[in-house]
Amino acid sequence: MIKIQKKNFNIDKEIKYLKDKYSNVGAVNTFIGYVRDFNNNKDVKYLDLDVYKEMALKELSKIKNNAFKKWRLVDCLILHRYGRLKVNEKIVLVVCLSEHRKDSFEASKFIMDYLKKDAPLWKKEFYHNDSVWLENSN
Amino acid sequence: MIKIQKKNFNIDKEIKYLKDKYSNVGAVNTFIGYVRDFNNNKDVKYLDLDVYKEMALKELSKIKNNAFKKWRLVDCLILHRYGRLKVNEKIVLVVCLSEHRKDSFEASKFIMDYLKKDAPLWKKEFYHNDSVWLENSN
Amino acid sequence: MIIKYFAWIKDITNKEYDTINNDFPKDINDLKKYLTKIYPDLQKHLSKDILRFAINMEYVSENHNLNQNDEIAIFPPVSGG
Amino acid sequence: MIIKYFAWIKDITNKEYDTINNDFPKDINDLKKYLTKIYPDLQKHLSKDILRFAINMEYVSENHNLNQNDEIAIFPPVSGG
């Protein structure tokens, strides 16, 4: 499942919603990204996250499908927020469900790596006096 | 933090409790292990988890400290349940907090690998007519 | 044809998209010339080849023909996650 | 000295631990002989070297001296996680 949303999420509920469908799942790996208070040597106040929503849904589906081709996954959720996000707020959630732990770990890392590279989302970081559009490094 | 407990846990609450202390955390990797419905070619009814509690606390602390030596972690939780656990119940939770995602992913995997190898915990799996003590493979 | 702008491209164009109904650019190179004309501040970025283009939500890395009903998007390197 | 049993070792000893106050085993090899005597069913496992020993909650892989106040633990390969 792919979700692009403004609103916050509850990690337990998101995982439970997926996990409740499958009794053959032994392993769930989850990644959560948060807004940090300090970046580029400056105190961060908040982020504005811009998104090309329809394309992000398509790109993230593609990344998810590639993960399914490479590992034995039972299910997978990629959730990304957009809009204004303050320090300590959650930005992104990836959840990979598999029978055995190796698949969930590797798929989750793969998805985050490609999300950072290809998903059309942009962070504008606001400091005390200025702001800057960020670019992901490799 | 290391927790060895009988009772269930809420993933969101456990993560929030850790994350709320730090505003410099950008990445949280989480692993959750569940009781699967099928193993050893048999339908599983439930598990009994035996633990050498004091030593498990000590071993898991050691594993956690080794993870801190190898990666830049901000904090870390290892929670393992014991006692009777039914199919679909959560067994283990590992949460690694770091500034950047690589550290949280690798530390979380490292901790699970060593937990599976060295933490003094034993699963007895109950099927329809019989039961068996399990051994982790490598 | 619709041309969508994202992130700091929007700060230059001061709008989220343009629609072109007549005389639309026939390929990406043509589109770059078109954009340079109406948004001179885009030129330095276009010439440095740092922007990414998508046609109908698929990345294109080389020059590519455009059709009347295409949705084109122009944006800087991404920074989600 | 206390000797703790875990997992299926407990199914053989039918108890969780033994305490030895006098004539306690002086090292791990000595302990193995002691256990074989009171729990004959343990012998085949002890001889196959599949069990793990911990002294005061630290793994020991080689023979090791034992002291009166030691807490020894004997268990099969682990299966947590």
Side-chain angles (χ1 to χ4, degrees), chain A residues 2-5 31-36 39-40 44 47-63 78-83 85 90-94 108-126 130-138, chain C residues 1-20 25 27-28 31-32 34-35 39-81:
Chain A
I2 313 291
K3 296 182 183 182
I4 310 277
Q5 64 186 49
F31 178 84
I32 310 131
Y34 293 84
V35 183
R36 285 189 297 136
N39 197 29
N40 284 327
V44 176
L47 294 182
D48 275 352
L49 242 151
D50 193 17
V51 60
Y52 183 9
K53 197 169 179 177
E54 301 79 5
M55 183 169 167
L57 289 167
K58 205 166 161 179
E59 257 329 285
L60 293 174
S61 296
K62 214 183 284 177
I63 294 169
I78 310 175
L79 186 166
H80 207 297
R81 293 175 69 192
Y82 64 96
L85 297 174
K90 286 170 277 188
I91 306 169
V92 61
L93 172 71
V94 172
S108 178
K109 185 170 183 312
F110 170 88
I111 287 168
M112 275 310 299
D113 288 349
Y114 276 87
L115 184 156
K116 288 259 182 190
K117 212 176 138 287
D118 285 332
L121 290 135
W122 302 269
K123 283 176 187 149
K124 188 178 191 177
E125 212 163 51
F126 289 81
D130 55 345
S131 63
V132 67
W133 285 98
L134 304 181
E135 272 184 35
N136 283 340
S137 48
N138 284 323
Chain C
M1 179 180 292
I2 184 167
I3 308 165
K4 293 188 166 185
Y5 309 116
F6 294 95
W8 52 258
I9 309 292
K10 270 193 284 204
D11 298 340
I12 292 172
T13 60
N14 272 312
K15 53 170 86 165
E16 301 207 339
Y17 62 90
D18 276 304
T19 47
I20 313 175
D27 58 28
I28 294 285
L31 174 69
K32 288 180 184 173
Y34 173 89
L35 290 170
Y39 305 113
D41 289 348
L42 268 185
Q43 183 171 16
K44 62 173 181 242
H45 307 294
L46 286 166
S47 66
K48 273 194 287 178
D49 241 7
I50 54 168
L51 302 182
R52 295 182 86 170
F53 288 82
I55 303 173
N56 300 321
M57 299 182 267
E58 295 288 339
Y59 285 112
V60 286
S61 50
E62 315 230 312
N63 193 23
H64 202 284
N65 286 341
L66 301 177
N67 296 306
Q68 181 150 17
N69 296 320
D70 283 345
E71 172 173 319
I72 323 294
I74 303 166
F75 46 76
V78 305
S79 54

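Proteins get letters first, then strands, A, B, ... in listed order; numbering begins at 1 in each. Computed from a prediction, not measured in an experiment: that's the story for all the values here. Note that these values count all heavy atoms, side chains included, but never hydrogens, waters or copies made by symmetry.
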### Query
Do other residues, nucleotides or ligands put more than 12 heavy atoms under 6.0 Å from C:His45 NE2?
yes
### Value rounded to 0.5 Å, distance of CD in A:Glu135 from CD1 in C:Ile50
6.5 Å
## Note on the structure
Between C:Met57 and A:Glu59, the two heavy atoms sitting closest are O-OE2, 4.4 Å
### Task
Report, as yes or no, whether the 6.0 Å neighbourhood of atom OH on A:Tyr114 holds more than 12 heavy atoms from other residues, nucleotides or ligands.
no
### Task
Would you mind telling me which of A:Leu49, A:Leu47, A:Asn136, A:Asp50 makes a side chain to side chain contact (heavy atoms under 4.5 Å, CB included) with C:Ser79?
A:Asn136
### Query
Which pair of non-hydrogen atoms, one from C:Val78 and one from A:Asp118, has the smallest distance, and what is that distance?
CG2-N, 4.1 Å
### Task
Kindly assign one of parallel, tilted or perpendicular to the pair A:Tyr52 and C:Phe75, based on the angle between their ring planes and the thresholds 30° and 60°.
perpendicular
### Query
Within the distance-only criterion (no hydrogens, no angle test), does the side chain of A:Lys124 pair as donor or acceptor with the backbone N or O of C:Trp8 below 3.5 angstrom?
no
#### Entry: Which portion of A:Val51 sits near chain C, non-hydrogen atoms under 4.5 angstrom
backbone
### Query
Taking side chain as C-beta onward, heavy atoms only, is C:Lys4 less than 4.5 Å from A:Met55?
no
### Query
Is A:Gln5 atom CD crowded by more than 12 heavy atoms from other residues, nucleotides or ligands, each under 6.0 Å away?
yes
### Task
Against chain C, label A:Lys58 side chain, backbone, both or neither, depending on which of its atoms sit under 4.5 Å from a heavy atom there.
side chain
### Query
Which atoms of A:Asp48 come close to chain C, meaning under 4.5 Å heavy atom to heavy atom: side chain ones, backbone ones, both, or neither?
neither
### Message
Which atoms of A:Lys116 are under 4.5 Å from chain C, going by heavy atoms: the side chain, the backbone, both sets, or neither?
### Response
both
### Query
Any chance OH of C:Tyr17 has more than 12 other-residue heavy atoms, nucleotides or ligands included, within less than 6.0 Å?
no
### Message
With a 4.5 angstrom heavy-atom cut-off, is it the side chain or the backbone of C:Asn56 that approaches chain A, or both, or neither?
### Response
backbone
### Message
For A:Leu134, which atoms come within 4.5 Å of any heavy atom of chain C: side chain, backbone, both, or neither?
### Response
both
